[in-house]
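Numbers here are sequence positions counted from 1.
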Amino acid sequence: QYYDLLNIFKINGYPSEENPYIFIGDYVDRGAFGLECMTTLIAFKILYPNHVFLSRGNHEDVDTNERYGFLDEIFDKYDENIFNCFSELFRFLPLGHVLNKKILIIHGGLFSQDGVTLDDIKKIYRFQAVPISGLMTDLLWSDPKAENGRTPSARGAGVYFGPDVTEKFLKQNNLTLLVRAHEVRMEGYAIEPGNKVITVFSAPNYCDIQGNKGAIIIFNGRTLTPHFIQFDATPHP
């Protein structure tokens, strides 16, 4: 949603050394402007390599792009060679970031097993298409739920994980909070049950039909207290 991306910069300022950003995936496949979103973010990454960070989402994957529209968009605007370049880029994107050693920021959610550490995440071989299952798949596809425990995901990949799973993971890894995206939230964000997971969703009126607000989170580096900014959808062609 390119025009909503530009609106975020209008509200919160363009990326710079004084105004760093972390983007957490799903830049393409929804709407006609995935190419423009990606080229804008790539340009800012080149300008500010240490202040603009791009995580991979479940839609930064060749199989998903073939099903949900990005391949068709690129073939309409360019050709197979450009699509292959983007597919290679997507395989290089990090799977997450840790903010000030206390907040894990990923696209999807936690794992189908206990005992996963940050070191385990660092060891994931990410330079590939998203596998059918495993730690990488869970990171990109899982969702929180209100009840304790785990259940299979209706998405067909990842799991639904409860507050107890989050608490155990954060404690084991000396973290305080999990921030993720991946799901529409009508207010643009939600503090999930257990208060240790925040979902942020910055695509307002998702797919032009959902009617939701968008939001971003600003973290003060000293206190790590989240501050939420909400916004409505921006008109687009």
Side-chain angles (χ1 to χ4, degrees), residues 1-15 19-45 52-61 63-77 86 90 93 105-109 140-146 153-158 160 178-193 197-219 226-237:
Q1 297 187 194
Y2 176 64
Y3 291 86
D4 296 309
L5 175 63
L6 297 185
N7 189 42
I8 291 172
F9 295 149
K10 182 178 179 180
I11 292 168
N12 192 58
Y14 286 109
N19 193 35
Y21 278 83
I22 298 177
F23 300 91
I24 51 176
D26 282 13
Y27 313 112
V28 302
D29 273 340
R30 305 299 194 187
F33 305 106
L35 171 73
E36 289 75 16
C37 286
M38 281 308 308
T39 52
T40 299
L41 294 173
I42 291 167
F44 277 118
K45 179 64 177 175
V52 173
F53 302 93
L54 307 175
S55 291
R56 190 173 182 175
N58 63 308
H59 280 267
E60 280 69 61
D61 181 62
D63 290 339
T64 311
N65 297 156
E66 290 175 355
R67 294 199 305 270
Y68 288 96
F70 188 56
L71 180 145
D72 292 333
E73 178 189 347
I74 296 300
F75 274 50
D76 284 342
K77 296 176 179 178
F86 276 112
F90 292 160
L93 292 176
I105 303 175
I106 56 175
H107 179 74
L140 300 179
W141 281 92
S142 293
D143 300 289
K145 62 172 186 163
S153 174
R155 297 178 184 270
Y160 297 121
L178 173 67
V179 174
R180 43 90 65 177
H182 196 41
E183 292 181 284
V184 176
R185 292 293 182 261
M186 293 309 294
E187 293 301 311
Y189 73 93
I191 299 173
E192 306 293 348
V197 179
I198 296 176
T199 297
V200 59
F201 196 84
S202 57
N205 194 27
Y206 183 49
C207 296
D208 291 332
I209 60 172
Q210 294 288 343
N212 59 292
K213 292 182 180 295
I216 60 174
I217 307 175
I218 298 175
F219 281 103
H227 170 63
F228 302 97
I229 297 178
Q230 298 167 289
F231 48 91
D232 294 316
T234 302
H236 62 79

Interatomic distance, N65 atom CG to F90 atom CZ [nearest 0.5 angstrom]: 5.5 Å
What is the minimum heavy-atom distance between G34 and V28, and which atoms define it? O-CG1, 3.8 Å
Please round to the nearest 0.5 Å and tell me the distance separating atom CD1 of I105 and atom CZ of F23. 12.0 Å
Heavy-atom closest contact (S153 atom, G158 atom, distance): CB-O, 3.4 Å
Taking side chain as C-beta onward, heavy atoms only, is L41 less than 4.5 Å from Y21? no
Would you name the heavy atoms of N205 and I209 that are closest together and state the gap between them? OD1-N, 3.4 Å
Please check if atom OH in Y14 has more than 12 non-hydrogen atoms from other residues, nucleotides or ligands closer than 6.0 Å. no
Could you measure the distance from the CG atom of D29 to the SG atom of C207? Nearest 0.5 Å is fine. 10.0 Å
Check for me whether the distance between the ring centres of Y206 and F201 falls short of 6.0 Å. yes
Donor-acceptor under 3.5 Å (Q1 side chain, G31 main chain): no
What distance separates Y27 OH from T39 OG1, expressed to the nearest 0.5 Å? 13.5 Å
With side chains defined as the heavy atoms from C-beta onward, is the minimum distance between T234 and L6 less than 4.5 Å? no
Atom NZ of K77: over 12 foreign heavy atoms under 6.0 Å: yes
Closest approach of I24 to S55 (non-hydrogen atoms, all atoms of both residues): CA-CB, 3.9 Å
Are F53 and K45 side-chain neighbours, meaning at least one heavy-atom pair lies under 4.5 Å? yes
Under 3.5 Å, side chain of N19 to main-chain N/O of G13, donor-acceptor pair present? yes
Can you check side-chain contact (heavy atoms from CB on, under 4.5 Å) on F33 and T40, steps first, answer last? CA-CA 11 Å; F33 305 106; T40 299; over 6 Å; no
For I216 versus V200, what's the shortest heavy-atom pair and its separation? CA-CG2, 4.0 Å
Indicate the ring-plane relationship of F228 and Y189, choosing parallel, tilted or perpendicular according to the 30° and 60° boundaries. parallel
Could you tell me whether the side chain of H182 and the main chain of W141 form a donor-acceptor pair under 3.5 Å? yes
Rounded to the nearest 0.5 Å, the CD atom of E192 sits from the NZ atom of K145 at a distance of 13.5 Å
Sidechain N-carboxylate O distance under 4.0 Å for D143, R180: yes
Side chains of K10 and N7 in contact at under 4.5 Å (non-hydrogen atoms): yes
Donor-acceptor pair, side chain of K213 and main chain of G188, under 3.5 angstrom: no
Find the distance between CZ (R56) and CG (L140) and round it off to the nearest 0.5 Å. 6.5 Å
Heavy-atom closest contact (T64 atom, H59 atom, distance): CG2-ND1, 3.2 Å
Would the distance check show the side chain of E60 and the main-chain N or O of G57 forming a donor-acceptor pair, the cut-off being under 3.5 Å? yes
Is it the case that the side chain of D4 and the backbone of A203 share a donor-acceptor pair, with hydrogens and angles ignored and the cut-off at 3.5 Å? no
Check the angle between the aromatic planes of H236 and Y3 and answer parallel, tilted or perpendicular using the 30° and 60° thresholds. parallel
